[in-house]
> 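The structure under discussion is supplied below as structure tokens; questions concerning it will follow.
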Amino acid sequence: MKNVFALVDCNNFYVSCERVFDPRLEGRPVIVMSNNDGCVVARSNEVKALGVGMGVPVFKVQEIIEKHGIEVFSSNYTLYGDMSRRVMETLAQFTPDMEIYSIDEAFLDLSGYPYRNLTEYGHEMRKRVKQWVGIPVTIGFGRSKTLAKMANHLAKQSAKAKGVLDLTDSPYLAEALRRTDVEKVWGIGSRYAKRLRKAGIETAWDLRNADDRWIRQEMGVVGLRTVHELRGIACYDLETAPAPNKGIASSRSFGRPVETLEEIRESVAAYTSRAAEKLRRQKLAAGVITVMVMTNRFDTKGPRYFNYQTMELPVATNDTGELIRYAVQAVEKIYRPGCRYKKAGVLLDGLVAQDKVQGNLFDDLDREKSAKLMRVLDAVNARTASDTLRYATAGLKQPWRTKFQKRSPRYTTRWDELLRVKVEKKVCTAYPTDYGLR
DNA sequence: TCTGGGGTCCTAGGACCC
DNA sequence: TCTGGGGTCCTAGGACCC
């Protein structure tokens, strides 16, 4: 039996999410920015056509933004996360063999399903996601994940494909490989692309026909797998049950430079709280904590500084208060006065299941009490959908907070931010589904 | 003035042990 | 002055992904 993989990818996902709730944006140029309103992380097709690159700093394209009246949004991860869930739930109806690969992508394993016409099936999926959730998607089919990715990419380029391209047994496969630049291949980043091009390998077709020994030498086993995948030999299976995290990180740039130990300490405490919440959501505990601080790496004047401190905990924990205590100790060791800090972060490692934590003879914390307290904390914050309860160390006003100056309402997860619909005397004909609500 | 955040896997080399 | 070999574990760094 031959493998059939599909890759479903939401088009310009963050932009599409904004458009679902603000149809005025349809057909207009739209940008969504990264954290701290720093970089461009999502662009509508209109913006791509204006030559605005992925990941460019917003201030560098300010002129284009103003000249073309581009609509600009801060990231609204709460909204995007919820919309993603809706898309995935809809896709799950088509097959049980699904891997949620990222917030806006899913692999489907359709091997062994007697679909006579994959293209038709793809159009059905597209239609349903659009109708139920309001998000446009593109679908590529291939004999390996890498080929499904490539098909998806080509489907986006071609208007003729109408969002679906099947390359499983296609007579156009060779042509498709020839038309794909080597850096567009999944697994080939800018470094490898440069080296490959130097060696005369410019397209996916060239890569597919490259010498195995040379590839193994230059790119290791990972590179070799990519080449095999391009030949239609599937090296990667679907990963339906996500492996538990190996580490959990929480780091943020500051909305403005931070200089005092007090503010750095607050931010580190706040980031530690976030990381600890993630930890508890996955029922894990951390045995190692690392705190890092850094100045602006683009700043040419002023002292540049980067440092981190790792601490091993006597007992693995997911208690916010306890983790904050270690984090604060760590940050006090690396804080250097006279620097303008741009970013701080917390990394948790040595993760173990919370019910398999090894005790310690000298442990003086009441673990049961701590677990109870954390449950209450999480429950209250879940009900109020914000960090209503938090540790005083994290500060009250948090003047260093990351910027989100143009965030749209969290339409689907906050009662006080629901979409407002003006109803005139006539009967309202808008149904919740029109807004992605169910 | 303004430049994101959170992950994964692989490999080479050093520490350590017998 | 002579000074083995093989295994494991850990870490840092480099590549990649969205």
Side-chain angles (χ1 to χ4, degrees), chain A residues 7-14 31-42 52-63 65 72-77 80-81 84 99-107 145-146 149 152-153 182-196 215-226 229 235-236 239 242-257 271 274-275 278-279 282 288 290 292 294-302 308 310 312 340 342-351 402-406:
Chain A
L7 177 71
V8 184
D9 187 321
C10 300
N11 302 348
N12 316 327
F13 182 54
Y14 297 171
I31 278 176
V32 177
M33 300 179 286
S34 66
N35 273 344
N36 223 23
D37 296 346
C39 296
V40 174
V41 290
V52 175
M54 175 68 176
V56 299
V58 174
F59 72 86
K60 285 192 178 167
V61 289
Q62 200 56 47
E63 243 174 72
I65 289 173
V72 177
F73 291 88
S74 301
S75 285
N76 187 343
Y77 293 114
Y80 309 151
S84 171
E99 170 188 345
I100 297 173
Y101 177 66
S102 73
I103 193 165
D104 69 335
E105 282 171 78
F107 283 107
K145 283 179 160 181
T146 305
K149 268 272 191 189
N152 190 294
H153 180 249
V182 75
E183 51 273 325
K184 301 288 188 221
V185 173
W186 190 43
I188 306 299
S190 60
R191 302 285 169 91
Y192 282 152
K194 218 171 157 186
R195 273 151 69 179
L196 287 168
I215 294 290
R216 176 69 181 80
Q217 177 79 33
E218 294 290 309
M219 302 165 68
V221 295
V222 182
L224 196 54
R225 270 182 219 143
T226 296
E229 286 242 320
C235 303
Y236 298 105
E239 285 167 38
N245 274 26
K246 304 221 160 122
I248 285 176
S250 173
S251 67
R252 289 277 176 285
S253 297
F254 303 127
R256 58 146 168 83
Y271 300 163
R274 283 199 68 246
K278 289 193 213 172
L279 209 51
Q282 300 186 48
V288 177
T290 300
M292 70 93 180
M294 64 189 283
T295 53
N296 189 340
R297 65 186 197 281
F298 299 102
D299 191 3
T300 46
K301 23 184 208 302
Y308 62 87
T310 300
E312 282 195 37
R340 286 159 62 83
K342 177 64 181 171
K343 182 174 174 177
V346 174
L347 293 93
L348 301 177
D349 290 290
L351 306 187
T402 306
K403 276 187 291 191
F404 290 95
Q405 284 173 345
K406 300 188 168 177

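So that the names make sense, note that chain A is the first sequence line, chain B the second, and so on, each numbered from 1.
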> Asn35(A) has a side chain; which of dC18(C), dG5(B), dG6(B) sits nearest to it?
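Per side-chain heavy atoms of Asn35(A), the pick is dG5(B).
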> For the pair made of CD in Glu218(A) and P in dC16(C), what is the distance, rounded to whole Å?
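Spelled out: CD on Glu218(A) to P on dC16(C) is 13 Å.
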> Where the side chain of Lys149(A) is defined as all heavy atoms beyond and including C-beta, which of dT8(B), dC18(C), dG6(B) is the nearest nucleotide?
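Nearest to the side-chain atoms of Lys149(A), counting from C-beta on, is dC18(C).
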> Side chain of Asn245(A) only, heavy atoms from C-beta on: which candidate in dG7(B), dG4(B), dT11(B) is closest?
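Ranking dG7(B), dG4(B), dT11(B) by closest atom to the Asn245(A) side chain puts dG7(B) first.
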> Looking at the side chain of Tyr101(A), which of dT11(B), dC18(C), dG5(B) is the nearest nucleotide?
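The answer is dC18(C), which lies nearest to the side chain.
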> Of all the choices, dC16(C), dG5(B), dG7(B), which nucleotide is nearest to the side chain of Ile248(A) once you look at every atom?
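Minimum distance to the Ile248(A) side chain belongs to dG7(B).
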> Measure the distance from OH on Tyr308(A) to P on dG13(C) and round it to the nearest whole Å.
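Taking atom P of dG13(C) as the reference, OH of Tyr308(A) is at 7 Å.
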> If we call it a pair only when both distances are under 3.5 Å in a Watson-Crick or G-U wobble match, what pairs with dC18(B)?
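Because both required distances fall under 3.5 Å, dC18(B) counts as paired with dG5(C).
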> Take atom CD1 of Ile31(A) and atom C1' of dG4(B), then tell me their distance rounded to the nearest Å.
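Rounded to whole Å, this separation is 15 Å.
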> So, OP1 or OP2 of dA15(C): does either fall under 4.0 Å of a side-chain N or O from Arg195(A)?
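Affirmative; the distance criterion is met.
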> Does Gly247(A) or Lys60(A) map to a spot on DNA chain B nearer the 5' end, using the closest nucleotide for each?
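First, find each residue's nearest nucleotide; the 5'-ward one identifies Lys60(A).
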> Heavy-atom count around Lys406(A) NZ within 6.0 Å, excluding the residue itself: above 12?
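Atom NZ in Lys406(A) is not packed in, count stays at 12 or less.
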> Which listed nucleotide (dG6(B), dA15(C), dC18(C)) is nearest to the side chain of Arg191(A)?
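When the side chain of Arg191(A) is considered, dA15(C) is the closest of dG6(B), dA15(C), dC18(C).
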> Hey, is the side chain of Lys278(A) poking within less than 4.0 Å of OP1 or OP2 on dG7(B), counting only N and O atoms?
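Result: yes.
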> On the nucleotide dC10(B), are OP1 or OP2 found under 4.0 Å from the side-chain N or O atoms that Arg225(A) carries?
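True: Arg225(A) side-chain N/O within range (under 4.0 Å) of dC10(B) OP1/OP2.
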> Side-chain contact, heavy-atom cut-off 4.5 Å: Leu347(A) with Tyr308(A)?
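The answer is no; the side chains never approach within 4.5 Å.
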> How close or far is atom C1' of dG6(B) from atom NZ of Lys343(A), stated in whole angstroms?
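Interatomic distance, NZ of Lys343(A) to C1' of dG6(B): 10 Å.
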> Between dT8(B), dG4(B), dC17(C), which one does the side chain of Lys246(A) approach most closely?
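Of the options given, the side chain of Lys246(A) lies nearest dT8(B).
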> Check the distance between dT1(B)'s C1' and Lys301(A)'s NZ and give it to me in whole angstrom.
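These atoms are roughly 10 Å apart.
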> With a 4.0 Å cutoff (strictly under), does any side-chain N or O of Ser75(A) reach OP1 or OP2 of dG4(B)?
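No, outside the criterion.
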> Are there more than 12 heavy atoms of other residues, nucleotides or ligands under 6.0 Å from atom CZ of Arg340(A)?
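Not more than 12 within 6.0 Å, no.
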> Select one nucleotide: of dG6(B), dG4(B), dC10(B), the one nearest the side-chain heavy atoms of Cys39(A).
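So the side chain of Cys39(A) is nearest to dG4(B).
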> For a 4.5 angstrom cut-off between non-hydrogen side-chain atoms, does Phe404(A) reach Asn35(A)?
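Yes, close enough: below the 4.5 Å cut-off.
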> Checking all strands, does Val346(A) fall into the base, sugar-phosphate, or nothing category for heavy-atom contacts under 4.0 angstrom?
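Since no nucleic acid heavy atom lies under 4.0 Å of Val346(A), the category is nothing.
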> Considering residues at least two apart in sequence or located in another chain, which fulfil the ring-ring contact (aromatic ring centres under 6.0 Å, His included) criterion with Tyr101(A)?
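Testing Tyr101(A) for ring-ring contact (aromatic ring centres under 6.0 Å, His included), a comparison that skips the adjacent residues, returns Phe107(A), Trp186(A).
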> Would you mind telling me which residue lines up with the more 5' stretch of DNA chain B, Pro244(A) or Val221(A), judged by nearest nucleotide?
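Here Pro244(A) is the residue nearer the 5' end.
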> Looking only at the side chain of Phe59(A) (C-beta and beyond, no hydrogens), which of the listed nucleotides dG5(B), dG4(B), dC2(B) gets closest?
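For the Phe59(A) side chain, the nearest candidate turns out to be dC2(B).
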> If you look at every strand shown and take non-hydrogen atoms under 4.0 Å, does Ile103(A) touch a base, only sugar-phosphate, or nothing?
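Answer is nothing: Ile103(A) stays at 4.0 Å or more from every strand.
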> So what does Ser190(A) hit on the nucleic acid, given a heavy-atom distance under 4.0 Å: a base, only sugar-phosphate, or nothing?
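Here Ser190(A) touches the backbone only, sparing every base.
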> Within the 4.0 Å heavy-atom criterion, would you say Ser250(A) contacts the bases, only the backbone, or no part of the nucleic acid?
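The answer is sugar-phosphate, as Ser250(A) gets under 4.0 Å only of primed atoms, P, OP1 or OP2.
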> How many angstroms lie between CE in Met292(A) and OG in Ser251(A), if you round to the nearest 0.5 Å?
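Nearest 0.5 Å value for the CE-OG distance: 5.0 Å.
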> Over how many whole Å does the gap from Asp37(A) atom CG to dT1(B) atom C1' extend?
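Going from Asp37(A) (CG) to dT1(B) (C1'), I get 14 Å.
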> In terms of side-chain heavy atoms of Glu105(A), which of dC18(C), dC10(B), dG7(B) is nearest?
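The listed nucleotide nearest to Glu105(A)'s side chain is dC18(C).
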> Could you check whether Arg252(A) gets within reach of a base, just the sugar-phosphate, or nothing at all, counting any heavy atom under 4.0 Å?
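Sugar-phosphate, backbone atoms only, no base.
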> How far, in whole Å, is dC16(B) from dG4(C) if one measures between their C1' atoms?
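So the two C1' atoms sit 16 Å from each other.
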> Look at Ser251(A) and dG6(B) and indicate whether a side-chain polar atom (N or O) is within less than 4.0 Å of OP1 or OP2.
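It does, given that an N or O in the side chain of Ser251(A) lies less than 4.0 Å from OP1 or OP2 of dG6(B).
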> Taking OH from Tyr271(A) and P from dG5(B), how many angstroms apart are they, rounded to a whole number?
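Value for this atom pair: 8 Å.
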> Can you tell me the distance, in whole Å, between the NZ atom of Lys145(A) and the C1' atom of dC16(C)?
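So the NZ-C1' distance, Lys145(A) to dC16(C), works out to 15 Å.
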> Tell me if a side-chain donor or acceptor on Ser84(A) pairs with a main-chain N or O of Ile103(A) at a distance below 3.5 Å.
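It does hold such a pair.
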